[in-house]
Protein chains: 2
Amino acid sequence: MAETARTEHRYGNRPTMKDVAARAGVGLKTVSRVVNGEPGVTPDTERRVQEAIEALGFRRNDSARVLRKGRTASIGLVLEDLADPFYGPLSRAVEEVARAHGALLINGSSAEDPDREQELVLALCARRVDGLVVIPAGDDHRYLEPELKAGVATVFVDRPAGRIDADVVLSDNFGGARDGVAHLIAHGHRRIGFIGDQPRIHTAVERLRGYHAAMSEAGLPVHDSWVSLGSTAPERVRTAAEAILSGPEPVTAIFAGNNRVTVTVVRILADLERPVALVGFDDFELADLLRPAVTVIAQDAAQLGRTAAERLFHRLDGAPDTARRIELNTRLIPRGSGELPPAN
Amino acid sequence: MAETARTEHRYGNRPTMKDVAARAGVGLKTVSRVVNGEPGVTPDTERRVQEAIEALGFRRNDSARVLRKGRTASIGLVLEDLADPFYGPLSRAVEEVARAHGALLINGSSAEDPDREQELVLALCARRVDGLVVIPAGDDHRYLEPELKAGVATVFVDRPAGRIDADVVLSDNFGGARDGVAHLIAHGHRRIGFIGDQPRIHTAVERLRGYHAAMSEAGLPVHDSWVSLGSTAPERVRTAAEAILSGPEPVTAIFAGNNRVTVTVVRILADLERPVALVGFDDFELADLLRPAVTVIAQDAAQLGRTAAERLFHRLDGAPDTARRIELNTRLIPRGSGELPPAN
DNA sequence: TAGAGCCTAGACAACGTTGTCAGTCTCGGT
DNA sequence: ACCGAGACTGACAACGTTGTCTAGGCTCTA
């Protein structure tokens, strides 16, 4: 009892079930039974084993367990940037679902780099995660084919998979953008700018498509110079915005293609004298406290994550199913900036 | 070449090195050598093996590898809430450092629940992560002793470990809060409120201590009703703020103990007629765009994460060292809300 | 041409766990 | 006293990989 644990291990080595068994004077398998709460162990034996576990500070090695059992009880999440506030709620939602299914979450940021995405995904597969939730950076996911065939459940979120048949959970980017632009039109705007993310990115293209749809449905022409797709770096957005706002036919309203663009545009408009209307895709914290408060097309990031993760575990729980495309609605939240009338 | 892969595996099973070896007509170990880029393989043999790998869609099973090698090349990060914008840059920074060291990041949210923290940490240990970065929720980490002894490098961030000797990386919470409150005092305030997080949380207590220090250094009394520690839920903060602002001796300025409190307070002050000065601990996006822009004590979350992760890998790279406490400076960013004069 | 030395390759054990199976012990019924 | 049933328990193989060790073939030199 007061006897201290003495081990013969090299430093850094951890006690194994074998060590526990030796100390408790029982067989290896009995320790395994105790550790896993399997039946068929006398209370007395169990107590001895528990004491040995306690004394040695034993902790089951899940790597070995995984090797034996085949399942890792962990899922991987690959997204663009952990630090982006849009992905916070999403990953949290995925984590909650994973937790509810007793799984851990391993995640990484692709930094919007397809090679890095692939590297990460394959590293996760090598770890034998049971499933993957991927917000794709690249547009060709054929490299995943062997993994899918091998049974790694995979769900894509926010953007569809490229050249491969897989589940995907999306927001209605087209419809959301169309609604947002239509909202500006309804408030009298005729010249509306669009500043979006890189054309490589599916959401950017879809939202641009929504913009064009709204304009054309209203019979409004679109001047090439009103549209700008590219990096969301503040400098790039600033340049684009300044061009759009100062050309021969300056716009009276801007539709911002995502939260980062919106924030930069807000900064720019704050320094401007004439009011320019603004609707942004993605809601963001404090949007309601700005003056004017920012009208947005909100998508429910947490719901995206939750839906994807649930779909994932649904697959893991057996139900083999054909790939499905789930699209979530967006919601227009009028707050002021999108209701400003045009100022010529 | 055009021959399709035919396998005898049960569905869901993945090819192993043995399968690859059989197909390539070589020994198991040769496959291992090719997969790991070890020398001593003829170009011709290597090609045959590569073809077999390709054809079968083989991917090394890292679980087995880990079991054999002892290191998992992964580290765990336990924080309070992935969705909290404060932790985004922090986890991203940890991830970057991990990546630079070829390690993956496994993370989870403790939801500020000590039991859940322990559960998570131990699950990570069972996975045999090489190291841990922990933002503690609890205040007793003796449960980690066997792990530390077994060589799991551990660094605590943002708050110190409880009842255990371990590395910790902190912001200067005391100094930062003192500076912030002193700033308000310098602008003429005498009655200053403090709304902070739960007293269980180290940072909350330290910041409160800073508040008291600044007040006492200025020879100002502190009325009990001016101070409120508790949950950061908006309703709680709102109640606290309303009490502080409406008592017999209403405050003319508020020091908000963290970003969530600050945001809620901003909302409340926006509905108020009389101007109330505000300094918040933690910077947040768009703080500069609010009117008035919000003066904050900024801590560098990314730097916290980076420092902690680097310390972790430093330990993993051999250097056994005594536990160290690293404290990072905070920075006062005056933006307007903290420079408002008192309005009686 | 024989022997040394090098390069390539494979057999085998080990990592720590779990599933299978067989052995021992106890107890109750006859 | 004996047998069968049932409850405990442990020996052993297997999971897929890597480290060690040895074998075989080749080249090079004396």
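Here is how names work: the chains are called A, B, and so on, in the same order as the sequence lines, proteins then strands, and each is numbered from 1. None of the values given here were measured: they were computed from a predicted structure.
Taking every nucleotide of DNA chain C with any atom under 4.0 Å from a non-hydrogen atom of chain B, the first and last of them, 5' to 3', are C:dT8 to C:dG16.
At a threshold of 4.0 angstrom between heavy atoms, the contacts of A:T45 are confined to the sugar-phosphate backbone, with no base atom among them. Looking at heavy-atom distances under 4.0 Å, A:S32 makes contact with a base. The residue B:D62 sits apart from the nucleic acid: no heavy atom pair falls under 4.0 Å. At a threshold of 4.0 angstrom between heavy atoms, the contacts of A:V35 with the nucleic acid are absent. Nucleic acid contact for B:V66: none, since no nucleic acid atom lies under 4.0 Å from a heavy atom of the residue. Among the atoms of the strands shown, base atoms are found under 4.0 Å from some heavy atom of B:R33.
Between B:S109 and the options B:L82, B:D84, B:I135, B:L120, a side-chain contact (heavy atoms from CB on, under 4.5 Å) holds for only B:L82.
Between B:E38 and B:L67, the residue anchored nearer the 5' end of DNA chain D, judged by the nucleotide with its closest heavy atom, is B:L67.
Between B:H101 and B:F313, the two ring planes are parallel [angle under 30°; tilted spans 30° to 60°].
Using a cutoff of 4.0 Å between basic side-chain nitrogens and carboxylate oxygens, A:D19 and A:R23 are not scored as salt-bridged. Taking 4.0 Å as the cut-off between side-chain N and carboxylate O, B:R14 and A:E147 count as a salt-bridged pair. Note on A:R200 versus A:D139: no salt bridge recorded, every NZ/NE/NH1/NH2 to OD/OE distance being 4.0 Å or above.
Donor-acceptor pairing under 3.5 Å is lacking for the side chains of A:R47 and A:Q50.
Spacing between atom NZ of B:K29 and atom P of D:dA23 amounts to 18 Å, rounded to whole angstrom units.
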